[in-house]
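Convention: sequence-line order gives letters A, B, ...; per-chain numbering from 1.
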Amino acid sequence: MSEEEAINKHFIYEAIVGDLETGRFKEVITRFPPEPNGYLHIGHAKAFSIDFGMAQAFGGYCNLRMDDTNPEKEDTEYIEAIKKDIHWMGYDWKNFCYASDYFDTLYGYAIQLIEKGLAYVDDLKPEQMREFRGTLTNPGKESPNRNRSVEENLDLFHRMKAGEFEDGAYVLRAKIDMAHPNLNMRDPVMYRIKHMEHHRTGNAWCIYPSYDFTHGQSDSIEGITHSLCSLEFEDHRPLYNWFCEQLEIFHPRQIEFSRLNLTYTVMSKRKLRTLVEENYVAGWDDPRMPTLCGMRRRGYTPNAIKLFLDKVGVTKFNSTTDIALLEHCVRQDLEVTAYRRMVVLDPLKVVITNFPEETEFYEGENLPSSPEYGSRKVALTREIYVEREDFMEDAPKKFFRLSVGREVRLRYACYITVNEVIKDDLGNIVELRATFDPESRGASTPDGRKVKGTIHWVSASQNVPVEVRIYDRLFTVESPEAVEDGQDWLDSINPESIAQVSAFAEAAIADAEKGAIFQFERKGYYILDDSTEGQKMVFNRTVALKDGWSKKASQ
RNA sequence: UGGCCGAUGGUGUAAUGGUAGCACGACGGGUUCUGGCCCCGUUAGUCAAGGUUCGAAUCCUUGUCGGCCAGCCA
């Protein structure tokens, strides 16, 4: 179920096998190249699981490289968060690098291309550049500067670097083919002028290389054999290859796969940022966010995420995975790892009238399927709380819970039967009176009679009051990004994606450490929030248990 | 009406010229000290049309539909 599981032999795996067989490469070295301008989400987790996973599968290694070629957008704040999230997922990199480590080398490469007559300095304004580029259906026009002499290009490029020009005054472009059907090949920009401090190189540079002129060469410098990326870079592969060929440097192979999309959420960095900045959520690590830090706070485990990614697979098909699959995977993981505890979320008092004054203690196994994990003592007293929804006055025949005259098992403890319903002046049920069968202590009876229903409960006097945040899907529609005309994607945010209730937990919960995940029996999985302030514990609901009853009842 | 890529049940995928399988979901049943887990069953698919072949999801052609590309973003 974990790392021992056979690896997915997807098309990239097969491609690598092929490369090893033909001798194109002798080893497998990959890289994960995030831009440090946001937090990692589960889509990134798919990407880096492929990067690290393929390296691992073939006995190679993977580098972590910050793609920091644009000082406008990047921030060191994100770098530590990115490292933390990758480590959390259980991966480690061989080398930690920055694209900015290669600025000197890249500058040298640019000069080589100029000298070969394959790059030129252009002073076309951005609007002109757009005009000259042509359109999808029409070829572009060559810039009047395209045939500058090598000497002049060299001089201008040096002066660009020396800071003689304003932002945008000049760019360095590759000289390829203005009529190329792939627009990326129509003399793409290699360097632009930005008088801006860089988080690592400070003010050493006022020209910065573009993605296209950085990525492949960075891969090459690091000896990356397989540069795995998402589908939108397919169109850039010819350019990636062109630079490697013209520069005559080590030539990695770029292979593209489709990104992960999930129903009921959004995955674009821009939209996630909007949710955070416009306070639709409490932050990047809000448990409703698909960010790794959000999912961590929500109670998703690395193993659950890996299980999920494994089921999603790796293809070139643009797909949207049902979030129900992710939810299934967390349940699958937590089912066998999360200790059971009883917590009543919507309390209704029950007085067991024939119960002694003394507290009785029963054993509740932490993990009923694995007794070796031990048990805890559960206190039963004369007054207890049960879930309000577990009582019904006019109950249908199939309602296997509390109702007057119906015997029900208190989990781990004994059998009780409600015989009186107490209401307030408004007719609201405020308390139940019940009796227990002394013979049923231990949750079974000598006569072996069956009780169909078992409910969870908590002592009314020996419990721990806790706060519980019940999270649900962030959006009410499957595809929040597919907005109709006149609608805004923000309109479909689920107003009920968070609800907070005060609950009573059994005493054993008091020992829980932050980040501990429990199954609140019959309800769902909950994690003790890191930010738990004061003495009252706060739990976040990871996911509800499947509920066959409410499904049936609602039909 | 440019280029590149893609298309298998509702969803995500497997089958690499030889019985279309798995998982999720949905539905029905069994079991049960969690209406959970587990077990059993049902549902439902090769985008279309031609061609190659003894045989095509797979190869070829054409078409249809979908994605990406006209940042001095990545």
Pair A/E72 + A/K194: basic N to acidic O under 4.0 Å: yes

Residues A/E506, A/R376: salt bridge by 4.0 Å N-O rule: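 Judged by the 4.0 Å cut-off on N to carboxylate O distance, A/E506 and A/R376 do form a salt bridge.
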
Under 3.5 Å for both donor-acceptor distances, Watson-Crick or wobble: does [N] have a partner, and if so which one?
N: B/U42; value: B/A26
N: B/C37; value: none
N: B/A48; value: B/U62
N: B/A20; value: none
N: B/A74; value: none
N: B/C4; value: B/G67

Considering every strand and a 4.0 Å limit on heavy-atom distances, what is the contact class for [X]: base, sugar-phosphate, or nothing?
X: A/Y191; answer: nothing
X: A/T315; answer: sugar-phosphate
X: A/Q519; answer: base
X: A/G364; answer: nothing
X: A/L262; answer: nothing
X: A/E521; answer: base

Please state how far atom [atom1] in [X] lies from atom [atom2] in [N], giving the value in whole angstrom units.
X: A/I255; N: B/C5; atom1: CD1; atom2: C1'; value: 15 Å
X: A/L272; N: B/A74; atom1: CG; atom2: P; value: 20 Å
X: A/D310; N: B/C24; atom1: CG; atom2: C1'; value: 14 Å

Within-4.5 Å side-chain heavy-atom neighbours: A/H215 and A/R65: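 Yes; the side chains approach each other to less than 4.5 Å.
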
Which nucleotide in the set [options] lies at the smallest distance from any side-chain heavy atom of [X]?
X: A/F317; options: B/G35, B/C68, B/U13; result: B/U13
X: A/L136; options: B/G2, B/G12, B/G36; result: B/G2
X: A/P181; options: B/G2, B/A74, B/G35; result: B/G2
X: A/A324; options: B/C24, B/A74, B/C72; result: B/C24
X: A/S319; options: B/C24, B/U13, B/G36; result: B/U13
X: A/D322; options: B/U16, B/U11, B/C72; result: B/U11
X: A/W549; options: B/A70, B/G35, B/C68; result: B/G35
X: A/A443; options: B/C33, B/G35, B/A74; result: B/C33
X: A/E234; options: B/C5, B/A74, B/A23; result: B/C5
X: A/H328; options: B/G6, B/G25, B/G3; result: B/G25

So, does the side chain of [X] form a donor-acceptor pair with the base of [N] at under 3.5 Å?
X: A/E232; N: B/G67; value: no
X: A/R331; N: B/G36; value: no
X: A/D547; N: B/G36; value: no
X: A/H236; N: B/A74; value: yes

Using the [atom1] atoms only, state how far [M] lies from [N], rounded to an integer number of Å.
N: B/A14; M: B/U8; atom1: C1'; answer: 10 Å
N: B/G9; M: B/A20; atom1: C1'; answer: 11 Å
N: B/G45; M: B/G2; atom1: C1'; answer: 34 Å
N: B/A48; M: B/A56; atom1: P; answer: 15 Å
N: B/U46; M: B/A7; atom1: P; answer: 15 Å
N: B/A49; M: B/U11; atom1: C1'; answer: 28 Å
N: B/G21; M: B/C5; atom1: P; answer: 31 Å
N: B/U16; M: B/C59; atom1: P; answer: 11 Å

Row check, A/Y98 ring normal vs A/R200 NZ/CZ: under 6.0 Å, within 45°: yes

A/F400 six-ring face occupied by A/K452 cation (under 6.0 Å, within 45°):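 Yes, a cation-pi geometry.
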
A/Y415 and its side chain to side chain donor-acceptor pair (under 3.5 Å) partner, picked from A/R409, A/E439, A/E407: A/R409

side-chain contact (heavy atoms from CB on, under 4.5 Å) between A/M160 and A/V121, intermediate numbers included: CA-CA 9 Å; A/M160 280 169 66; A/V121 173; 4.0 Å; yes

Residue whose closest nucleotide on RNA chain B lies nearer the 5' end, A/E14 versus A/S210: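 By nearest-heavy-atom nucleotide position, the 5'-most residue is A/E14.
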
Residue whose closest nucleotide on RNA chain B lies nearer the 5' end, A/T135 versus A/F399: A/F399

Is the [X] ring parallel, tilted or perpendicular to the [Y] ring (thresholds 30°, 60°)?
X: A/H158; Y: A/Y107; answer: tilted
X: A/H44; Y: A/H41; answer: tilted
X: A/Y385; Y: A/F504; answer: parallel

Residues touching RNA chain B, which here means a heavy atom under 4.0 Å, drawn from residues 161-173 of chain A: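 The stretch gives A/G168, A/V171 as the residues lying under 4.0 Å from the strand, ordered by number.
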
Proximity of A/Y300 and A/F308 rings by center, below 6.0 Å: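 No - the distance between ring centres of A/Y300 and A/F308 does not fall below the 6.0 Å cut-off.
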
